[in-house]
Amino acid sequence: MPEVGINLNEVVEKPPLPNDDYTFLIKKSELRQAKNPNKNTGQKEWMVYCELVPQEKPDYAVFHNWVLSPGALESSQATMSIKKFFATIGFQWNSDGKFNTEDLINLRFVGHTVLENYNNRMLPHLDAVIKGVE
């Protein structure tokens with residue numbers, strides 16, 4: 001069998017992103033459909049999938065989805081409702097009430113992260129949206 005040309009003794013594990021407030025830049029934003037049906041609506045809901053880069057630690061990323069189901073949109077939490085998120089950071093959507101996911105790329109905002117267990121892995125999770133940044 002061929003030997004793998006990597007020295008595992010030299011690998012340094014990257015620590016998880018600490019729980020803290022960060023200034024996030026939205027690096028990626030796209031419309032995606034959920035793989036599984038929503039337990040309340042029975043539909044495969046659409047969501048805005050975003051990759052958030054903390055400017056204080058740009059070698060990390062936080063992945064966040066804003067689901068476009070009625071329940072999520074009606075939430076008063078900016079981490080759940082994209083409408084509340086826009087209001088919190090001062091983003092103005094179109095006069096017809098619509099927006100383009102590409103308009104979110106390069107938006108900056110302050111948010112708080114916490115580590116959460118996801119499939120036995122500790123991953124950073126956007127826990128709060130604090131304010132927009134110009």
Side-chain angles (χ1 to χ4, degrees):
M1 272 197 231
E3 183 176 70
V4 177
I6 297 173
N7 183 345
L8 296 177
N9 295 327
E10 295 175 352
V11 175
V12 177
E13 185 176 320
K14 183 177 177 181
L17 183 70
N19 296 350
D20 207 347
D21 291 351
Y22 297 99
T23 301
F24 287 102
L25 172 79
I26 299 179
K27 180 179 177 180
K28 185 179 201 177
S29 174
E30 57 189 46
L31 192 61
R32 291 187 179 179
Q33 192 171 25
K35 294 176 184 169
N36 299 313
N38 179 299
K39 64 181 178 183
N40 295 322
T41 66
Q43 302 293 315
K44 290 184 178 181
E45 301 291 354
W46 288 95
M47 66 185 82
V48 177
Y49 166 87
C50 290
E51 181 179 339
L52 315 174
V53 177
Q55 299 302 277
E56 299 83 356
K57 295 193 177 275
D59 52 330
Y60 286 84
V62 176
F63 301 95
H64 187 77
N65 299 320
W66 278 278
V67 179
L68 303 177
S69 69
L73 289 169
E74 295 166 356
S75 173
S76 63
Q77 301 296 315
T79 57
M80 292 287 292
S81 169
I82 197 154
K83 181 179 179 182
K84 183 67 174 182
F85 170 70
F86 289 160
T88 302
I89 69 164
F91 176 80
Q92 185 60 52
W93 54 83
N94 297 333
S95 59
D96 63 1
K98 297 181 181 178
F99 68 95
N100 186 321
T101 58
E102 291 177 1
D103 295 338
L104 278 67
I105 296 172
N106 294 323
L107 283 181
R108 293 173 12 136
F109 68 95
V110 176
H112 184 81
T113 61
V114 295
L115 288 172
E116 287 192 352
N117 188 336
Y118 182 75
N119 291 337
N120 295 321
R121 294 179 25 205
M122 296 304 288
L123 298 175
H125 170 77
L126 182 63
D127 185 57
V129 175
I130 300 168
K131 65 179 181 177
V133 175
E134 292 186 26

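In what follows, every heavy atom counts, from backbone to side chain, and hydrogens, waters and symmetry copies are set aside.
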Check whether any side-chain N or O of S81 sits under 3.5 Å from a backbone N or O of Q77 as a donor-acceptor pair, and report yes or no.
-> no

Any chance you could measure H112, atom NE2, to N19, atom CG, to the nearest 0.5 Å?
-> 5.5 Å

Side chains of S69 and N40: does their closest heavy-atom pair fall under 4.5 Å?
-> no

Quick one: closest heavy-atom pair of L25 and Q55, and the distance?
-> CB-NE2, 3.3 Å

Return the set of residues passing side-chain hydrogen bond (donor to acceptor under 3.5 Å, both in side chains) with T23 (not counting sequence neighbours), or none when no residue passes.
-> E56

Taking all non-hydrogen atoms of both residues, which atom of W93 and which atom of G97 are closest, and how far apart?
-> CD1-CA, 3.6 Å

Closest approach of E134 and R108, non-hydrogen atoms and distance?
-> O-NH2, 3.9 Å

Residues L104 and C50: closest non-hydrogen pair is CD2-SG, 4.2 Å

Answer with yes or no whether the hydrophobic clustering places M47 together with I82; edges join I, L, V, M, F, W, Y residues whose side-chain heavy atoms lie under 4.5 Å apart.
-> no

Nearest 0.5 Å please: distance from the CE atom of M80 over to the CG atom of L73.
-> 9.5 Å

Taking the side chain from N94 and the backbone from D96, do they hold a donor-acceptor pair closer than 3.5 Å?
-> no

Hits for side-chain hydrogen bond (donor to acceptor under 3.5 Å, both in side chains) against T41, two or more places apart or cross-chain, chain-then-number order -> E45

L17-F109 co-clustered via ILVMFWY side chain contacts under 4.5 Å | yes

For M1, the other hydrophobic cluster members (4.5 Å side-chain criterion, sorted by chain and number) are none

Does V67 belong to the same Ile/Leu/Val/Met/Phe/Trp/Tyr cluster as F85, with side-chain heavy atoms less than 4.5 Å apart forming each link?
-> no

Locate the shortest heavy-atom distance separating V48 from S29; write the atom from each residue and the value.
-> CG1-OG, 3.7 Å

Decide yes or no for K28 and Y49: does some side-chain heavy atom of the first lie under 4.5 Å from some side-chain heavy atom of the second?
-> yes

Y60 with F63, same ILVMFWY side-chain cluster at under 4.5 Å | no

The side-chain hydrogen bond (donor to acceptor under 3.5 Å, both in side chains) partners of R32 (sequence neighbours excluded) come to E30

According to a 4.5 Å side-chain heavy-atom criterion applied to Ile, Leu, Val, Met, Phe, Trp and Tyr, with indirect links allowed, do L31 and I105 form part of one hydrophobic cluster?
-> no

Which residues share a side-chain hydrogen bond (donor to acceptor under 3.5 Å, both in side chains) with E10, sequence neighbours left out | N7

For K44, does its backbone N or O pair with a side-chain atom of Q33 as donor and acceptor, under 3.5 Å?
-> yes

List the atom of W66, the atom of A78, and the distance in Å for their closest heavy-atom pair.
-> NE1-O, 2.8 Å

Side-chain donor-acceptor contacts of residues 114-133 below 3.5 Å, not counting sequence neighbours, with atom names and distances?
| residue | atom | partner | partner atom | Å |
| --- | --- | --- | --- | --- |
| N117 | OD1 | N120 | N | 3.0 |

To the nearest 0.5 angstrom, please state how far the CG atom of N38 sits from the CG atom of L68.
-> 11.5 Å

Aromatic ring proximity, centroids under 6.0 angstrom, F91 and F99 | no

Using a 4.5 Å cut-off on heavy atoms from C-beta on, say whether the side chain of P18 contacts that of K57.
-> yes

Donor-acceptor contact below 3.5 Å, side chain K14 vs main chain D59 | yes

